[in-house]
Amino acid sequence: MAGIYGNISRLAWLIVCAFHMISSVLTQDPCATSPCLSDATCVAVTPNQYSCVCPAGFTGSTCTLDTPCFPNPCQNGAGCINRIDTFQCACSPGYSGQLCEIVANSCVRGPCKNGGACIADGADFVCRCAFGWMGETCEEPDSCNSQPCLNGGTCITALGGLLHHCQCRTGFTGSECEINMIPCISDPCMNGGVCLQPQNTYDYRCFCEGDFTGINCEFRINPCLSNPCQNRASCFSRQDRTGYICNCADGFEGIFCENRTPACSVNACQNGATCMEINVNTYNCTCPNNYYGSRCEIAGACVTNNDCRNGATCVGGPNPSDQSCLCRPYYNGERCELDERSPCLSDPCMNNGSCYSSDPSRFVCTCPVGYEGPHCETETCPIVECQNGGSCVEYQQSRYCVCADDWTGSFCELGIQNCDPNPCKNNAFCAKIGGETTCYCPRGFRGERCETMIINFNIFNSANHQRYGLYLILSGILLNLVVFFL
């Protein structure tokens with residue numbers, strides 16, 4: 001029994017040992033043996049794989065190979081290219097040599113400042129400075145840099161730019177050309193002012209004309225300062241100060257508001273009314289008949305819409321409802337339209353004819369279109385038979401349409417248009433009627449286009465006409481030939 005338990009214990013121990021061996025293999029660190037050299041950093045990728053992060057100047061799987069481009073042996077900003085066991089320098093423009101240490105063009109670096117021009121001489125250079133600058137690389141401003149010379153004077157440097165003197169234009173003097181010896185030569189006085197230079201001075205004085213003032217006569221005097229407007233009027237200066245405008249108070253007029261405005265001025269009372277002045281600003285209008293309002297400006301209904309007839313007198317106010325008619329003898333009705341003696345009261349005109357009477361014994365009927373007769377009792381031409389302005393006429397119990405220009409047809413329904421170009425021959429008249437072209441041939445010609453001459457062969461029956469007939473035949477042949485070739 002003891003032997004059985006002993007075997008079980010040994011088997012359990014073996015299982016535990018095997019478990020620990022398998023766990024140690026599965027959790028093994030590939031960087032534990034420090035495979036990366038040259039102070040490289042080892043990074044575990046998998047339990048059995050690593051990667052080395054090499055420091056600058058080394059390469060390879062374990063960082064054992066040197067990099068010839070670290071540090072960069074090339075000079076003057078050149079780039080380094082790795083080769084097998086060596087390197088190559090890619091020089092910047094203006095440099096040469098194995099390490100780009102030789103300066104081929106010293107101006108490539110742009111040593112001259114402030115617009116200076118560089119002149120190269122191998123490794124050396126000379127800067128030709130722009131105006132106002134000096135120094136080996138034109139880095140320092142010279143004495144002309146501040147442009148000290150005035151009035152167009154020319155600045156000239158001396159002692160390498162440390163000093164300067166000004167060469168002045170004609171008429172100016174002073175160390176910096178600041179003094180104008182002839183100030184009036186530049187015509188400083190404006191707006192017609194006269195320039196005068198006092199003796200023994202370099203100054204000037206402007207004598208201004210008209211409404212101008214100022215050192216150079218540049219300002220116009222406000223024309224309203226003299227109070228030209230009268231009678232409490234307001235003065236307004238024009239924008240360019242060339243004049244002024246007076247805004248008159250009520251009751252005054254004129255350029256300076258100097259005149260009193262009559263109360264009964266023009267158009268105070270309208271429509272022929274009589275104006276009566278009460279005081280300076282007050283008037284009264286006496287209106288004619290049928291006009292109303294304070295100025296008689298409102299026309300009454302008898303003026304604007306007088307419906308009274310037969311010589312009646314219209315009486316009313318400003319409104320149409322106020323209108324009434326005073327009839328003459330023998331007339332009555334609201335508008336005096338009825339004549340008690342008129343024969344038209346019996347309505348003698350037929351077919352909607354209008355009756356007019358000048359005295360009790362006579363009347364006249366004005367008939368509508370299509371009717372005639374003393375009482376409009378007879379029907380004439382149909383009202384709408386003739387078209388396009390045509391007139392209907394009756395002749396021998398028949399009716400015809402007399403058409404207006406450029407129209408034809410039984411009812412004037414066809415328009416006549418000129419032909420352009422004219423296809424008709426031999427001076428025939430061409431017209432387009434209803435869209436179709438028609439040629440009207442002159443005497444002696446026929447055909448659709450009047451192209452054929454009509455020859456009367458009866459002229460050959462007489463011996464006396466034979467010669468004349470032959471002449472007509474030859475003339476016709478010649479004319480047709482001319483027409484053919486044309």
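What you see is a predicted model, and the numbers here were worked out from it, not measured in a lab. Just so you know, residue 1 is the first one in the sequence shown, and it goes up from there.
Once rounded to the nearest 0.5 Å, the distance linking OG1 of Thr313 with CG of Asn289 reads 10.0 Å. With rounding to the nearest 0.5 Å, the separation of SG in Cys386 from CZ in Phe411 is 8.0 Å. A distance of 7.0 Å separates CD in Gln147 from CZ in Phe131, rounded to the nearest 0.5 Å.
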* Check step by step if disulfide bond (SG atoms under 2.5 Å apart) holds for Cys89 and Cys100. => CA-CA 7 Å; Cys89 292; Cys100 305; 4.9 Å; no
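Between Gly390 and Cys412, the shortest heavy-atom distance links the atoms CA-SG, 3.9 Å. Closest heavy-atom contact between Ala40 and Cys54: CB-CA, 4.2 Å. Scanning both residues, Cys296 and Gln270, for their nearest heavy atoms gives CB-O, 3.5 Å.
Checking Cys189, Cys206, Cys184 one by one against Cys195, the disulfide bond (SG atoms under 2.5 Å apart) holds for a single residue, Cys184.
Cys450 has its SG atom within less than 2.5 Å of the SG atom of Cys441. If you check the gamma sulfurs of Cys63 and Cys52, they are not less than 2.5 Å from each other. Less than 2.5 Å separates the SG atom of Cys327 from that of Cys336.
A 6.0 Å sphere centred on CZ of Phe219 holds no more than 12 heavy atoms belonging to other residues, nucleotides or ligands. The 12-atom threshold is exceeded at CG of Asn422, counting heavy atoms of other residues, nucleotides or ligands nearer than 6.0 Å.
In this structure, Phe212 has no ring pair (Phe, Tyr, Trp, His ring centres under 6.0 Å) partners at least two apart in sequence or on a different chain.
A donor-acceptor distance shorter than 3.5 angstrom exists from the side chain of Asn231 to the backbone of Cys257, with no hydrogens or angles considered. Listed for the Asn114 side chain is a donor-acceptor partner under 3.5 Å among the backbone atoms of Cys138. Counting only distance, with no hydrogens or angles, the side chain of Asp307 and the backbone of Arg335 share no donor-acceptor pair below 3.5 Å. Asn151 places a side-chain N or O within donor-acceptor distance of the main-chain N or O of Cys177, the cut-off being under 3.5 Å.
Between the side chains of Tyr292 and Asn271, no donor-acceptor pair of N or O atoms lies under 3.5 Å.
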